[in-house]
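The structure presented is a predicted model; accordingly, all values stated were derived computationally and were not measured.
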Amino acid sequence: MFKPLDINENEEKKTVKPTDIEQVKCLIIGSGPAGYTAAIYAARANLCPVMYEGLQPGGQLTTTTEVENYPGYPEGVTGPVMMEDLKKQATRFGTDVRWGMATKVDFSGEIHKVWIDDSKLIEAETVIIATGATAKYLGLEDEKKYAGGGVSACATCDGFFYRGKDVAVVGGGDTATEEAMYLAGLCNKVYLIVRRDELRASKVMAERTMNTKNIEILWKHQTKGLFGDGVVEGATLVKNKGEENEEEVTIKIDGFFLGIGHKPNSEIFAEYIDTNEIGYIKTIPGTSKTKVPGVFACGDVQDDQYRQAVTAAGSGCMAAIDAERYLSEKHA
Ligand SMILES: Cc1cc2nc3c(=O)[nH]c(=O)nc-3n(C[C@H](O)[C@H](O)[C@H](O)COP(=O)(O)OP(=O)(O)OC[C@H]3O[C@@H](n4cnc5c(N)ncnc54)[C@H](O)[C@@H]3O)c2cc1C
């Protein structure tokens with residue numbers, strides 16, 4: 001007898017019982033320097049890693065031009081080329097690199113469940129989280145217009161290109177004051193654009209910043225836009241003079257640095273593993289281990305201090321070694 005199609009019943013089947021289930025020894029989530037380094041080590045240790053690349057294959061470095069501080073490239077290298085090199089090295093040893101996004105996890109059992117694109121289910125003995133962190137921007141159109149032309153969210157990465165020049169840093173917290181202090185050691189002058197009339201940074205950092213000769217703090221200023229012919233040549237700011245009294249000012253700068261923090265991509269894991277108040281994954285000090293056995297974290301998603309490609313790669317190596325040791329103990 002003809003049975004009409006019950007759409008709700010089918011919908012339920014789709015979410016409760018995925019048809020596509022796969023068991024893997026080692027699942028790597030994320031394809032930045034941390035994920036690829038973990039993949040190289042895991043593949044060479046015979047863990048047959050499967051990697052899901054996420055929405056940004058190659059990670060943050062694919063959005064930059066020159067990388068001059070990654071060891072092994074004496075002439076420098078562009079971010080996209082460097083990430084292609086890492087990918088080739090990982091696939092050479094058998095890493096299965098796939099397009100897809102981890103959308104949900106269940107780390108409550110011994111076998112860890114990770115859903116890809118809300119459909120495919122991966123059952124993994126070990127999971128390496130390498131999902132990175134995203135720099136926060138003000139949301140101005142000009143930040144996009146001058147991306148790679150004077151706008152940066154990383155003073156350690158790009159400060160060198162502005163030696164002897166004038167730059168600005170936005171923000172009043174620890175990130176901004178650290179960026180400003182770093183740039184003050186390289187640049188002629190650093191403007192610190194602060195929305196309030198005080199710094200949110202720790203007392204020590206605030207005092208250090210205020211006592212640094214070539215840092216000028218622009219209190220109660222907000223950025224309205226940037227200008228320049230192809231590259232940043234200046235910024236238009238709005239000074240709040242109280243009681244809705246505003247004044248527009250311009251500063252001449254070559255570099256505009258965001259210092260308003262990062263957002264670690266850790267939301268989907270937060271139910272099962274510990275994170276700090278910002279969302280950075282907490283690992284057992286000196287290791288990549290999270291509080292869940294068999295789940296490891298590496299790279300920017302667990303690093304609120306350094307956030308560099310080389311430190312991400314180093315911690316990716318740690319995660320693969322920790323995963324290999326976990327599996328050999330488990331199967332001993
Ligand atoms: C513009 C710019 C320039 C930089 N320049 C330098 C430099 O010159 N030198 C330097 O050392 N560092 C530089 N950095 C910093 C460096 O890029 C990072 O420290 C590094 O990329 C961190 O690596 P990662 O592997 O932890 O994460 P990322 O590179 O952030 O990679 C994260 C990966 O996780 C994936 N992902 C996220 N969520 C999911 C999910 N749910 N499922 C699947 N995949 C997911 C993303 O698609 C991405 O592939 C720069 C950063 C930026 C933004």
Side-chain angles (χ1 to χ4, degrees), residues 28-38 51-65 67 69-70 78-80 82-83 86 99-105 114 116-117 128-159 169-176 178-179 182 200 223 226 255-271 273-283 290 297-313 315-316 319:
I28 299 171
I29 309 175
S31 57
Y36 273 125
T37 308
M51 170 192 280
Y52 280 94
E53 295 183 303
L55 290 180
Q56 193 176 51
Q60 293 173 58
L61 282 184
T62 57
T63 66
T64 192
T65 47
V67 178
N69 54 9
Y70 197 84
T78 68
M82 183 181 140
M83 292 317 300
L86 281 174
W99 171 250
M101 178 93 181
T103 43
K104 191 178 125 184
V105 301
V114 178
I116 305 298
D117 297 327
I128 294 178
I129 301 170
T131 46
T134 312
K136 289 184 191 161
Y137 285 80
L138 296 171
L140 302 171
E141 269 307 306
D142 288 343
E143 288 169 320
K144 289 185 204 145
K145 181 174 168 189
Y146 294 102
V151 173
S152 170
C154 178
T156 320
C157 312
D158 297 329
V169 177
V170 183
D174 281 321
T175 307
E178 274 161 23
E179 303 259 302
Y182 181 85
R200 277 183 301 104
T223 312
L226 302 168
F256 181 77
F257 287 81
L258 281 306
I260 52 177
H262 289 75
K263 187 177 160 296
N265 303 315
S266 62
E267 291 99 329
I268 59 166
F269 314 107
E271 190 185 337
I273 55 183
D274 289 339
T275 58
N276 72 8
E277 65 287 352
I278 302 171
Y280 285 97
I281 294 177
K282 286 188 185 172
T283 51
T290 68
C298 52
D300 284 12
V301 72
Q302 52 83 58
D303 175 8
D304 62 354
Q305 289 296 316
Y306 305 107
R307 288 188 299 262
Q308 291 296 289
V310 69
T311 46
S315 67

Just list the side-chain donor-acceptor pairs under 3.5 Å for residues 57-64, sequence neighbours left out, or say none.
residue, atom, partner, partner atom, Å
Q60, NE2, A133, O, 3.0
Q60, NE2, D300, OD2, 3.1
T62, OG1, G59, O, 2.6
T63, OG1, Q60, O, 2.7

Atom of Y182, atom of A155 and distance for their closest heavy-atom approach: CE2-O, 3.3 Å

OG1-OH distance between T156 and Y306, expressed to the nearest 0.5 angstrom: 11.5 Å

Within 6.0 angstrom of E267 CD, more than 12 heavy atoms from elsewhere: yes

Flag side-chain contact, heavy atom, 4.5 Å: M83 against P33: yes

For G171 against I260, the heavy-atom pair lying closest together: CA-CG2, 4.0 Å

Reference residue N265; test side-chain contact (heavy atoms from CB on, under 4.5 Å); the match among T134, I281, I29, I129: T134

Backbone N/O of G299 and side chain of S315: donor-acceptor pair under 3.5 Å: yes

Inter-residue atom distance Q305.CD - Y280.OH, 0.5 Å rounding: 9.0 Å

OG1 on T290 to CD1 on I128, rounded to 0.5 Å: 11.5 Å

Contact summary for K136 and H262, nearest pair of heavy atoms: CE-O, 4.0 Å

Qualifying residue for side-chain contact (heavy atoms from CB on, under 4.5 Å) with S266, from V301, I278, T131, N276: V301

Any side-chain heavy-atom pair of T275 and F269 under 4.5 Å: no

Straight-line distance of Q302 CD to K282 NZ, nearest 0.5 Å: 13.5 Å

Minimum-distance pair of heavy atoms, taken over all atoms of M101 and L55: SD-CG, 3.6 Å

Reported CD1-to-CD1 distance for the pair I273 and I268, which is rounded to 0.5 angstrom: 9.0 Å

Positive for side-chain contact (heavy atoms from CB on, under 4.5 Å) with F256, one of D142, L138, V169: L138

Straight-line distance of Q308 CD to D303 CG, nearest 0.5 Å: 9.0 Å

Sub-4.5 Å side-chain heavy-atom contact between R307 and C154: no

